[in-house]
Each structure stands twice: as C-alpha cells, then as structure tokens.
Amino acid sequence: MHFTSEQRLDDGVLEREFILGETPGTLWTPESATPVPLILMAHNNGLPKAEPRLVARARLSAAYGYAVASIDAPGCGDRPRSAADEQARADLRRAMRVGEPVDEIFESFVGPLVENAVPEWRTTLDALLALPEIGGPVGYSGWTALGIRLAAVEPRIAAAGFFAGGYVPRAQREEARQVTVPLLLLLQWDDEGNPRQRALDLFDAFGSKEKTLHANLGGHLGTPWFERENGDRFFDRHLK
C-alpha cells in the first residue's frame, strides 16, 4: 500500500489517498493514541469513492473514532470499464427511458461488478489491518450486493450496515441466508428504484440473529441525516 497524498481536515480527520496494486482508495482516520476499529465503506452499484454522500458518511464515522476506507474496485469510479459493462449501462439507460423491465440488465451489470470487486476489497482489508493505527474489529457499510458477498465469505467482518437502495442480484439474495453478523438495513419507503417488497423479503432472508430494519418515508436520496449517526451508534455497539 502506497500513500500518494494526505491532508488534515478541519474536523481533525486525516484523509489519505492510496494505491494498492491497481486499486485506488481513500483512508480516513481520527486523531487517536491507540489503534481504532475499521469500517469498509462502499457506494451502491459501483459509484466512485469520491461520491460526496460517501465522503460525508466517511468523515462523520472517522470523527466518531473509526478508520474508514473506500476503494474504486474494477468498473467503479475512474477504473476502466469493459465493453460489456458499457453496453449494459447503455441498455439500462434505454430501458429506463422507455419503461421496459430492467431486472435482467441489472443482473448482467451488477453481478460481475460484485464478483470482480470482492477480491480487491479483501486484499485491501489485508493491507489496512497491517497498518499500526488500525486494530479492528471490522465493519462494513453501504452497497448491499457487495456487502452480502463480503459478509458471507470474509470472517473478519463483525457487523454490517446496508442501504436497500440498489439492485441485489439473485445470487446475493440467496447468499443473504449465510450472513449471520449483526445487521442494520436502511430502507427508503418510497424509493422509486427499489421495490419495497423486495427489500423486505431480503431483510427476512438474512441469517443474522440480530438484525434491525430502519425505514423512512421518502425517495432514494431522502435518507435522513440522523440515520448516519444511528449507523455509527450501531457500530459502536459491535466494534468497540
């Protein structure tokens, strides 16, 4: 892991850009005399690590006393996209414009994103836990489809917070039964892009003995700010 830049933000959080192989990432860490727990943070369906809502969540969690890391995995952010990815994106935009069904297009797009992203996230986790300022445990926050796969295959993840605002492929919906860590699922009740019943069925499928659903009125971008603070309190219970 090679750090390429760093800056101390006005809230005392240290923000550092890094590169690990071909994977670019950002690490936010609080001022702390002892190693701190880690939260892996990903945005829905391959949006970039620099997406403003993700950065705002990351800085808040770092100010709460966590190290927070995000990466641009293959096909995400500024990483190169395959011809198949570009075709799927074009097909998706066309289908949404004319009101055609989009599930099969999402399957062809999101499924490969998850498959390609998981190995890079696990390699990044290895490198992050080797840093002296990070001591674990590890939490995950954000993109549900990716988080389900990571929580199912990565035993170092101790708790997960998911956003039910992105498409979850069929494979991950089945895999949800293997997720047993404490879980918080956020749902926007009127999310135009995420069928409510599908999100409720997914919540029911998770194998966790401790799982909580927070539902708020409003559309996809209407998640109340207090839910971000609630998320950090959730991680406080399980990572500290």
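Both backbone and side-chain heavy atoms feed into the values below; hydrogens, waters and symmetry mates do not.
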Worksheet item: Checking Tyr66 side chain against Phe235 main chain: does a donor-acceptor pair fall under 3.5 Å?
Response: yes
Worksheet entry | Shortest non-hydrogen contact from Ala67 toward Pro30 | N-CD, 4.1 Å
Discussion item. Can you tell me how far apart CD (Glu22) and CD (Glu120) are? Round to the nearest 0.5 Å.
Written reply: 7.5 Å
Worksheet item: For the side chain of Glu6 and the backbone of Leu14, is there at least one donor-acceptor N/O pair under 3.5 Å apart?
Response: no
Worksheet item: Just wondering, do Met1 and Arg16 contact through their side chains at under 4.5 Å, heavy atoms?
Response: no
Worksheet item: So, for Trp28 and Glu15, which heavy atoms are closest and what is the spacing to 0.1 Å?
Response: NE1-OE2, 2.8 Å
Fill in: Donor-acceptor contact present, side-chain Ser208 to main-chain Val179, <3.5 Å
yes
Worksheet entry | Ile134 and Pro35, any side-chain heavy atoms less than 4.5 Å apart | no
Discussion item. Ser70 and side-chain contact (heavy atoms from CB on, under 4.5 Å): which single residue from Arg57, His43, Lys49 fits?
Written reply: Lys49
Worksheet item: Honestly curious: do Ile148 and Leu125 fall in one hydrophobic cluster under the side-chain, below-4.5 Å linking rule?
Response: yes
Practice prompt. Answer whether the closest heavy-atom distance between the side chains of Val68 and Val13 falls below 4.5 Å.
Written response: no
Worksheet item: Which value, rounded to the nearest 0.5 Å, describes the distance between Arg233 atom CZ and Phe226 atom CZ?
Response: 10.0 Å
Fill in: Modelled atom types, side-chain donor and acceptor of Tyr64 and Glu229, under 3.5 Å
no
Worksheet item: Between the main-chain N or O of Gly219 and the side-chain N or O of Gln188, is there a donor-acceptor pair closer than 3.5 Å?
Response: yes
Discussion item. Closer than 4.0 angstrom, basic N to acidic O: yes or no for Arg156 and Asp126?
Written reply: yes
Worksheet item: Given Tyr140 and Phe162, is the side-chain contact (heavy atoms from CB on, under 4.5 Å) satisfied, shown in steps?
Response: CA-CA 8 Å; Tyr140 174 89; Phe162 295 148; 3.6 Å; yes
Worksheet entry | same_hphob_cluster(Val181, Leu239) at 4.5 Å side-chain heavy-atom cutoff | no
Item to complete: Answer yes when Arg59 and Asp10 have at least one side-chain N-carboxylate O distance shorter than 4.0 Å, and no when they do not.
Response: yes
Worksheet item: Can Trp225 be reached from Met41 by stepping across I, L, V, M, F, W or Y side chains whose heavy atoms are under 4.5 Å apart?
Response: yes
Worksheet item: Is Leu54 reachable from Leu184 through a run of I, L, V, M, F, W or Y residues, each pair having side-chain heavy atoms under 4.5 Å apart?
Response: yes
Worksheet item: At what distance, to the nearest 0.5 angstrom, does OG1 of Thr144 lie from CD of Gln172?
Response: 10.5 Å
Worksheet, complete the sentence: In terms of heavy-atom contacts, Lys211 and Asp204 come closest through NZ-O, 3.1 Å
Discussion item. Can you confirm whether Arg228 sits close enough to Thr223 that some side-chain heavy atom of one is under 4.5 Å from a side-chain heavy atom of the other?
Written reply: no
Worksheet item: Which heavy-atom pair separates Ala117 from Pro74 by the least distance, and what is that distance?
Response: CA-CD, 4.3 Å
Fill in: Non-hydrogen atoms of Glu17 and Gly25 that approach each other most closely
OE1-O, 3.3 Å
Practice prompt. Show the numbers, then the answer: is there a side-chain hydrogen bond (donor to acceptor under 3.5 Å, both in side chains) between Thr29 and Glu133?
Written response: CA-CA 8 Å; Thr29 49; Glu133 62 267 40; 5.4 Å; no
Worksheet item: So, Ser108 side chain and Ile105 main chain: donor-acceptor pair closer than 3.5 Å or not?
Response: yes
Worksheet item: His238 versus Pro137: any side-chain heavy-atom pair under 4.5 Å?
Response: no
Worksheet item: For Ala145 and Val110, which heavy atoms make the closest approach, and how far apart are they?
Response: CB-CG1, 4.3 Å
Worksheet item: What about Leu186 and Ile157, same hydrophobic cluster or not, with Ile/Leu/Val/Met/Phe/Trp/Tyr joined at side-chain heavy-atom distances under 4.5 Å?
Response: no
Worksheet item: Does the pair Phe234 and Thr212 meet the rule for a side-chain contact (heavy atoms from CB on, under 4.5 Å), with working shown?
Response: CA-CA 10 Å; Phe234 165 79; Thr212 301; 5.9 Å; no
Fill in: Spacing of His214 atom NE2 and Leu187 atom CG [to the nearest 0.5 Å]
11.5 Å
Discussion item. I'd like to know if the side chain of Arg173 and the backbone of Val168 have a donor-acceptor N/O pair within less than 3.5 Å.
Written reply: yes
Practice prompt. Measure the OG1-CZ distance between Thr26 and Phe3 for me, rounded to the nearest 0.5 Å.
Written response: 10.5 Å
Worksheet entry | Check: Asn194 side chain, Ala164 main-chain N or O, donor-acceptor pair, under 3.5 Å | yes
Discussion item. Run the side-chain contact (heavy atoms from CB on, under 4.5 Å) test on Thr124 and Phe18 for me, step by step, so that the C-alpha distance in whole Å, both residues' side-chain angles and the decisive distance to 0.1 Å come before the verdict.
Written reply: CA-CA 10 Å; Thr124 301; Phe18 65 83; 4.1 Å; yes
Discussion item. Contact between Val138 and Leu129 at the side-chain level, heavy atoms closer than 4.5 Å - yes or no?
Written reply: yes
Worksheet, complete the sentence: In this structure, OG of Ser61 is separated from CG of Asp236 (nearest 0.5 Å) by 9.5 Å
Fill in: Test side-chain contact (heavy atoms from CB on, under 4.5 Å) applied to Asp201 and Arg198, step by step
CA-CA 5 Å; Asp201 291 343; Arg198 183 178 291 175; 5.6 Å; no
